[in-house]
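The structure appears right after this line, and notes come after that.
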Amino acid sequence: MTNKDLADLIFPNITKTIEDYEKMYPKRNLPEGAVVTRFAPSPTGFVHMGSLLAAFIERKAAKDTNGVFYLRIEDTDQERKVENGIVGITTDLKNFGIDIDEGAISETEEKGLYGPYIQSDRKEIYHAFIKHFIENDMAYPCFCSKEELEDIRNAQEKRKDRIGYYGRYAKCRKIPVSDAYEKIKNGEKYIIRLKSKGDFERKIKVKDAVKGIVSFPENDMDIVIMKQDGLPTYHFAHLVDDYLMRTTHVIRGDEWLSSVPVHVQLFEMLGVKAPTYAHISPIMKEENGIKRKLSKRKDPEAAMSYYHEKGIPTEAVKLYLMTLANTNFEQWWDANKDKTIDDFEFSFNKISKSGGLFDVEKLMNISRNYLSRIKAIEFYDMLVKYAKEYDNEFYELITKYKDFTIGLLNIEREQKKPRKDYAAFSDVKSLVWYMYDELFDKHDKNYEFTNITDKDEIINIMKTYVEKYYDENDDQSTWFEKIKDLSEEFGYAREVKEYKENPDSYKGHVGDVSMVIRVALTTKSMTPNLYDIMKLFGKEKIIKRIEKLEKNL
Ligand code: GLU
């Protein structure tokens, strides 16, 4: 009775060999230095900030090197599966502009030549590899019951030994092949374990692309590689998939760092080169002075839906992720205001070793900067998309008054120091409602007059202004000259300076009069450039606003 007989008994229908699969999934034909990365989530239906950061880094590293980035769905733990779990993930990735070169697209579709990309569709492939391991005396069936494993554990605790299935505790390792064969034939339940050749007293050194050189004891545990349901464990699936999909860089959360000895050993036993590992630290959050991991359960900002609902542009989230991904990015972006993330060169050794601190304020600030730097039409298109989903009334208005809205968004944009009013699309309506009559009419109006508050004076100034001075064809300097003329007519100084020199000779100055106009038309004492607002309004709307003012004051 040989190992081969045992392997044939366990996998009677597996005829393909490892060599067959190696031919089916040959080394990728990519330029020198190209990086192949993957995003490998369980199909839990959503992506959270931490995994988005990983996906983002994976995408960026592959793109920068003309490599490949693919999506693999890791569903070997069938209990973690949720309905439409794949679509939830692909949608989140799409929403954040993280496009995949290969991989799962939906529950049933995928693209690329290195698939299937859903692990539960790869059972046959795993079995061929497990068969190879058994044939070559690198794996064996284990028949231990729950109770037996429990006993082993208790014994280890009592002796203060390391917990696990190894060395003298690895009972089933010693079962002769013929006995194992008989047991399986008799229908006994089993799993498959690795026959580890590692020695815990020896050390291995691995160069992690983020953490640097890390050293561990060799793995001597006979870890489970195939469960009773016939599916492999994460460790074994990782070996097979990342080998056959020709992954060059395994970028993943550092909760996997401690598995590196097992993984390196698996690649060694298979006789192939292990990929480069890059373990990224979790995103941290500081709360009441205490640092902890950003939590998908406790922190709403860990969920992608949070950004979607608030209307924080995906590009801003990506820019923020880039600051978390590469510590030198922020400085670069400041110096290269007209450039995009694509222009920035990512490097593994600039990933923070300790894990970035999640800072919503900073994200909002980045968003504010980003939104101030794009063209009004781009802003408008995104705003329309957002409003369509979250604010129908505003959607109707901004689509009805498209040019007006773009004009409004364009005020003080495309200049050296653009205005930075908006951090999110959900801010817009509450900041510009007064521009739209439909919103203005139903809004509570609190006219924020400052120095000039007398109703008659205000109405007088406004009426005189439109009747005598305002011409919608004036350029900005003529427009302002006329406000000065108006000021003079009402006994206000043309220049602030004049007023300051002789405060008793004037009722106030041109600034006070401009403020009256601003507040009379918008109710607000702070608005974007008044000249632009009035230009967008046009004379007729200005006259109507004065009538409304008269009624409301
Ligand atoms: N399925 C694993 C997880 O969700 C993936 C880890 C990896 O990228 O290898 O944590």
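Both counts, for ligands and for their atoms, begin at 1 and track the order of listing. Fair warning: this is a prediction, and the values are worked out from it, not measured in the lab.
- Scored by the salt bridge (Lys or Arg N to Asp or Glu O under 4.0 Å) test, E150 finds no partners at all (sequence neighbours excluded).
- Contact annotation for H238 and ligand 1: no heavy atom of the residue comes within less than 4.0 Å of the ligand.
- Annotation for ligand 1: atoms under 4.0 Å from non-hydrogen atoms of W256 are 6 (C), 10 (O).
- With 3.5 Å as the limit, one finds no donor-acceptor pair spanning the side chains of N3 and E135.
- When ring centroids are compared, Y422 and F379 come within the 6.0 Å threshold.
- For ligand 1, one of its N or O atoms has an N or O atom of A40 under 3.5 Å away.
- Atoms of ligand 1 found under 4.0 Å from any heavy atom of E74 (numbered from 1 in listed order, with element): 1 (N), 2 (C), 5 (C).
- Remark: R246 qualifies as a cation-pi partner of Y243 under the 6.0 Å distance and 45° angle criteria applied to the six-membered ring.
- Heavy-atom separations between F39 and ligand 1 are all 4.0 Å or longer.
- Ligand 1 places these atoms under 4.0 Å from at least one heavy atom of R252: 7 (C), 8 (O), 9 (O).
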Any chance you could lay out the side chain to side chain donor-acceptor pair (under 3.5 Å) test for K285 and S295, step after step, and finish with the verdict?
CA-CA 9 Å; K285 177 167 171 150; S295 147; over 6 Å; no
